[in-house]
Amino acid sequence: MTRNYLANYNLLAFSANLKETALNTEQTLDTTMMVDISSILQLKRRRQTNAGQATGKEEADTIYDLGSLAGAPIDFPMAQAQHFGFGLAFGLGTISTAAWGTGYKHTITPTANIDNPSFTCAMRAGQMIYKRRLASHVVDKINAKFEADKWAQLSLILEGTGKYTDNVTTEDVTAAYNATSLTLAANAVHGGTAALRLDNVHRIRVLVPTTGEWKEVTYSVVSAATPAVITISAPGGAATSTTYEILYVPTEAAWCTFPSRVTESPLRTAGLVFKIGGKWDGTNFLGGRTLDSEIESVEYNLDNRTKVQFRVGGTDTYANYIMRDGRVQTLKLNREARDFIVQQYVNDNEYFGVQVNAVGAEFESGKNYYTNLVFPRCGILDHTIEVNGKVIADVGDIEILEDDTYGSVWAQVANKVATYAA
C-alpha cells in the first residue's frame, strides 16, 4: 500500500498572495508553507441529537446535521518573514507593497473595515490519504514570540465558514450480488499506475440483500478507463440486484496539485532589535532605548475576536457571516531587571513607542529579510518584579493603544514575495 499516513507528508497550502473576491468564493492556492507537524486544518462539525424530545424512547435516536464551521491553530516554530507577511496581512487587513532591490517591502496596518480579508486553504493528509480545500478563512489571532537563543515563533488561529471540498467521493453502483466487476457511472479513478489506482479506492461495501447489513468487498484491479471498471471478488452466490458503495478518489481537480514553497531562511531571536521609549513619525522610529541581552522574551498578541455565524440568506451547510468584534493587542516583555527604567514608566503612567524588529539573513547585498513591528502609543498597567532563577526579572504586559495619527501598529515585512492579500 502506498497510502503513507505519516504526518511528515502533510502539506498545507494557502491563497496567501490573493484574497478571496467574496465570502465562500474559493481563491487559487498559490503558496505551500512549512508548518509544525501538528498543524491540521479542521472542520468543526455541528451535530445535534434529539435528546430531550418526546420520542417514545428513553434515549436519543436521531442525529441532525447542522453543517460545519472550520478553523485551526497553524504554528510556525521556525518562523520566516513570509509567514509574518501572510499572517499580518490577513490579520490586520490593509497592505501596500513597494519594490526594494530584487525584493519587496510590505507595509501592513489595521483595517477600519468590520471584517478582514479572507483566504482559501487546503491540506494534504499523509502521502495520499485525502486532500481537502476549505474556503473563506480569516486570521482571528496572532501570537509572535521571540525567546532567547531560539527561532522566532509564530502561531495563527484561523476561523472559517466551513465550506469545503474533498478529493474523495462516494458512489453507489447497482449490480448483482454475485458480480465480479463494477463500473463507475462516469469517473475515472485517479492514478497513473495500476497500484496507485488501487490505492485510490479506499473501500467497497455491498448491501446484503437478505439481511440488510453492509459487507466489505474485496477488490483487486482498477482499470485506467473512463469510467473505471473495478474487478471484485463476488460477495455472494445469488444474482439478486443490490447496492454497492464505492469510496474512491476520482480524477483530481486542479486545486489538488499543491503549489511550491517559497524558500526563505527562518528568523532568529539573536537578530531582534527592541527599542522602548521612542517616537514614531510615520517613517522612522526616533530616539528611545535599545534593550538587548537583558531580554528573555518578547511576545506580541493580536485578537480580532472574530464571529463566524450561520445567518439568513445562507445555507445549512456552512456559515455566511464573518465579522471582527473589536481588535485587541498586547506586548509581553520579560527582561532582567538591570535598571529601573520600565518601572519608572509605570510610576509616571507615561505613553511611549515600542519597536520590535526581527532581522534575518540577506537575500541580496545590503538587504535582509525582516519583520518590523512599531507600536506608536503604548503604556503599562502594571509590571511585576519577579525572580527568574537567580536574577531579578521585570515581567508584564505592555498595553498597545491607538495613536491619533499613526494608529495602533505599523508593520513592515521585507522578502522576495511580490504581494500578500492583494
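Positions are given from 1 along the sequence.
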statement: Nearest heavy-atom contact between Asp30 and Ala16 is OD1-N, 3.0 Å
query: Is the shortest distance from a Lys or Arg side-chain nitrogen in Asp166 or Arg133 to a carboxylate oxygen in the other one below 4.0 Å?
result: no
- request: Report yes if the side chains of Asp394 and His383 come closer than 4.5 Å at any heavy-atom pair, otherwise no.
  value: yes
- request: Return each pair, listed once, that meets salt bridge (charged side-chain N to carboxylate O under 4.0 Å, His left out) where at least one residue sits in residues 38-53; pairs must be two or more places apart or across chains.
  value: Lys44-Glu159, Arg47-Asp65
message: Regarding Asn388 and Glu336, do their side chains bring together a donor and an acceptor under 3.5 Å, going by distance alone?
response: no
field: Pairwise distance CD1(Ile380) to CD1(Ile398) - rounded to 0.5 angstrom
entry: 5.0 Å
message: Tell me every residue that passes ring pair (Phe, Tyr, Trp, His ring centres under 6.0 Å) with Phe375, counting only those two or more places apart in sequence or in another chain.
response: Tyr300
task: Please examine the side chains of Asn116 and Val139, heavy atoms only from C-beta on, and report whether any two atoms are closer than 4.5 Å.
output: no
message: Other residues, nucleotides and ligands only: do more than 12 of their heavy atoms fall within 6.0 Å of CG on Asp149?
response: no
query: Are Lys163 and Glu26 close enough for a salt bridge, meaning some N to O gap below 4.0 Å?
result: yes
- prompt: In a check of side-chain hydrogen bond (donor to acceptor under 3.5 Å, both in side chains) between Asn415 and each of Glu264, Gln80, Lys105, which one passes?
  reply: Glu264
- request: Check whether the side chains of Ser15 and Glu20 place a donor and an acceptor atom closer than 3.5 Å, and report yes or no.
  value: no
message: Looking at Arg261, I want to see if its CZ is surrounded by more than 12 non-hydrogen atoms of other residues, nucleotides or ligands under 6.0 Å.
response: no
field: Pairs meeting criterion side-chain hydrogen bond (donor to acceptor under 3.5 Å, both in side chains) with involvement of residues 370-382, two or more places apart
entry: Gln355-Asn372, Tyr370-Gln412
query: In Å, rounded to the nearest 0.5 Å, how long is the span from CG of Asp403 to SG of Cys378?
result: 10.0 Å
message: Please identify which of these residues, Thr257, Asn200, Asn167, meets the side-chain hydrogen bond (donor to acceptor under 3.5 Å, both in side chains) condition with Glu252.
response: Asn167
statement: Between Ser155 and Asp75 the two heavy atoms that sit nearest each other are OG-OD1, 2.5 Å
message: Quick test of your reading: applying side-chain hydrogen bond (donor to acceptor under 3.5 Å, both in side chains), list the pairs with at least one residue in residues 212-235, sequence neighbours left out, ordered by first then second residue.
response: Thr211-Glu213
- request: Mind listing the closest non-hydrogen atom pair of Ala176 and Ala239 along with its distance?
  value: CB-O, 3.6 Å
Qualifying residues under side-chain contact (heavy atoms from CB on, under 4.5 Å), relative to Arg327, sequence neighbours excluded: Leu92, Pro110, Thr111, Leu302, Asn304, Arg324, Gln329
task: Measure across Met123 and Phe258 and return the closest heavy-atom pair with its distance rounded to 0.1 Å.
output: C-CZ, 3.5 Å
- prompt: Is the backbone of Asp115 close enough, under 3.5 Å, to the side chain of Asn113 for a donor and an acceptor to pair up by distance?
  reply: no
field: Side chain His83, main chain Met33, donor-acceptor under 3.5 Å
entry: no
- line: Taken to the nearest 0.5 Å, the spacing of Tyr369 OH from Gln82 CD works out to 8.5 Å
query: With a cut-off of 6.0 Å (strictly less than), are more than 12 heavy atoms of other residues, nucleotides or ligands near NZ of Lys141?
result: yes
message: Measuring only between side-chain heavy atoms, which start at C-beta, is Ile142 closer than 4.5 Å to Leu154?
response: yes
- request: Report yes if the side chains of Val221 and Leu198 come closer than 4.5 Å at any heavy-atom pair, otherwise no.
  value: no
field: Between Asn24 and Thr161: side-chain donor-acceptor atoms closer than 3.5 Å
entry: yes
message: I need the minimum non-hydrogen distance between Asp281 and Tyr406, along with the two atoms involved.
response: O-OH, 2.9 Å
Chi angles and distances behind the side chain to side chain contact (heavy atoms under 4.5 Å, CB included) call for Leu41, Cys121: CA-CA 8 Å; Leu41 296 176; Cys121 48; 4.0 Å; yes
message: Under a 3.5 Å distance rule, please check whether Asp303 uses its side chain to pair with a backbone N or O of Arg305 as donor and acceptor.
response: yes
- request: Please report the closest heavy-atom contact between Tyr244 and Tyr177, naming both atoms and the distance.
  value: OH-O, 3.4 Å
query: Between the side chains of Asn17 and Thr419, is a donor N or O closer than 3.5 angstrom to an acceptor N or O?
result: no
message: Can you confirm whether Val354 sits close enough to Ile400 that some side-chain heavy atom of one is under 4.5 Å from a side-chain heavy atom of the other?
response: no
message: As an exercise, state the distance from CZ of Arg124 to OG1 of Thr32, rounded to the nearest 0.5 Å.
response: 9.0 Å
- request: Evaluate the side-chain proximity of His202 to Arg3: yes if any heavy-atom separation is below 4.5 Å, no if none is.
  value: yes
- request: Report yes if the side chains of Lys131 and Trp255 come closer than 4.5 Å at any heavy-atom pair, otherwise no.
  value: yes
- prompt: By ring pair (Phe, Tyr, Trp, His ring centres under 6.0 Å), which residues pair with Phe90, not counting sequence neighbours?
  reply: Phe86, Phe119
- prompt: Are more than 12 heavy atoms from other residues, nucleotides or ligands located less than 6.0 Å from atom CD1 of Ile63?
  reply: no
task: Mark yes or no for whether Asn143, through its side chain, and Asn301, through its backbone, hold a donor-acceptor pair below 3.5 Å.
output: no
Heavy-atom side-chain contact between Phe76 and Leu156 under 4.5 Å: yes
- prompt: Quick one: do the Asp140 and Thr306 side chains pair a donor with an acceptor below 3.5 Å?
  reply: yes
- request: Give a yes-or-no answer on whether the side chains of Glu386 and Thr384 include a donor-acceptor pair shorter than 3.5 Å.
  value: yes
